[in-house]
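Heads up, the thing below is written out as structure tokens.
One is the number of the first residue; the rest follow in order along the sequence.
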Amino acid sequence: MEQPPKRPVSKREESAPLEAIRILLKQHTVTLQPIVNQVSELPVYNDLEYYFVPIQFMEIYRPYYRPGKPYKNLKLVNFDKPAISLSFTSKHKYTIERKVTHGDVVLHLKNYRDELLNKSLMQQLSRAQLNELQQADQLLRTIREQPDAYQACFSNYYHYYRYWYCSFRFFDDVAKTKTSTINEHLLKHTERIRGQVNERLNIIFIDPQYISKPVPHDHKLVDRELDTFPIALRQGITTLYLRKIDFPGQYETTYLE
């Protein structure tokens, strides 16, 4: 006998102990500010929970690092790739489902009507709410009796679900001479029916030394080259950098672009 196909197993099955992790984060989290740090304007929405953790504490969170099978309520955004700059963007995320069943439409209308009915038992409904209740009740009767009376679809377009992304730049080699950029989506709290909220949090690791100063994108690392000159004489917009030569031919003459 042929076996029915198995349902695909979700990669995000387990939940991380968020309360215990929050206790750790209280000890390690730092605050970043635009302009002061290499970070864009920070998201301030209540449904997005994220923390910045310096690289020196990263190993403490390794037990929660599970590539290929991440937790459904925790994301280590850039484990092993501490950020030297960060930017945040959001997108309007929505779906529209056109292939709906008669049963799903009836269930949605019934739940909508029952929610208004339950509210009327606790408080007096406004005129607009009474009209909604009357309309929902009439639609429910009509669609039960005449399944083809209406064309239907489901969508969360007007819920205006904002899907957040974090773009981070990091050193791509041990010598810290090459950088790369990755864009990752962030987990956010989700609200279910009857006000239930599923909490999710994000941990973003940073390199404190470089998150506070710009790193050239051209990989020439001019700032570190200039740091090797102990004498700096500024005149107008130009600075002369000097370092003593102990042995002839010790340094080649360098021209900075």
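Between the side chain of D104 and the backbone N or O of V100, no donor-acceptor pair lies under 3.5 Å. A donor-acceptor distance shorter than 3.5 angstrom exists from the side chain of Y50 to the backbone of P43, with no hydrogens or angles considered. A donor-acceptor contact shorter than 3.5 Å is absent between the side chain of N78 and the backbone of I204. In this structure a side-chain-to-backbone donor-acceptor pair under 3.5 Å is missing from S90 to Y163. Remark: side-chain polar atoms of D207 are paired, donor with acceptor, to backbone N or O of Q209 under 3.5 angstrom.
Heavy-atom neighbours of Q123 CD from other residues, nucleotides or ligands within 6.0 Å: above the threshold of 12. Annotation: E97, atom CD; neighbour count of heavy atoms from other residues, nucleotides and ligands within 6.0 Å is above 12. Within a 6.0 Å radius of CD1 in I35, no more than 12 heavy atoms belonging to other residues, nucleotides or ligands are found. By the 6.0 Å contact criterion, CD on Q124 is open, its count of non-hydrogen atoms from other residues, nucleotides or ligands being 12 or less. Within 6.0 Å of atom CD in Q134, 12 or fewer heavy atoms from other residues, nucleotides or ligands are found, so the atom counts as exposed in its surroundings. Within 6.0 Å of NE2 on H108 lie no more than 12 heavy atoms contributed by other residues, nucleotides or ligands.
No cation-pi contact links K81 to F205, judged by a cut-off of 6.0 Å to the six-membered ring centre and 45° from its axis.
Ion pairing between R200 and D47 fails under the 4.0 Å rule for side-chain N and carboxylate O. A salt bridge links E184 with K75; the closest basic N to acidic carboxylate O contact falls under 4.0 Å. Ion pairing between a basic and an acidic side chain is recognised when a charged N comes within 4.0 Å of a carboxylate O; E49 and R22 show such pairing.
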Counting only pairs under 3.5 Å, give me each side-chain donor-acceptor contact of residues 138-153, with atom names and distances, residues two or more places apart or in other chains.
from	atom 1	to	atom 2	distance (Å)
R141	NH1	D137	OD2	2.4
T142	OG1	Q138	O	2.9

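The cluster map of Ile, Leu, Val, Met, Phe, Trp and Tyr, joined by side-chain heavy atoms under 4.5 Å apart, puts L186 and I182 in the same cluster. Placement of L116 and L107 in two distinct hydrophobic clusters is found when ILVMFWY residues are connected by side-chain heavy-atom separations under 4.5 Å, directly or transitively.
When the ring pair (Phe, Tyr, Trp, His ring centres under 6.0 Å) test is applied to Y51, no partner is found at least two apart in sequence or on another chain. Here Y112 pairs with nothing under the ring pair (Phe, Tyr, Trp, His ring centres under 6.0 Å) rule; sequence neighbours left out.
Taking the six-membered ring for Trp, Y210 and F171 have ring centres closer than 6.0 Å. Aromatic rings from F79 and Y61 are positioned such that their centres are separated by 6.0 Å or more.
Side chain to side chain, D172 and T179 fail the donor-acceptor criterion of an N or O pair below 3.5 Å.
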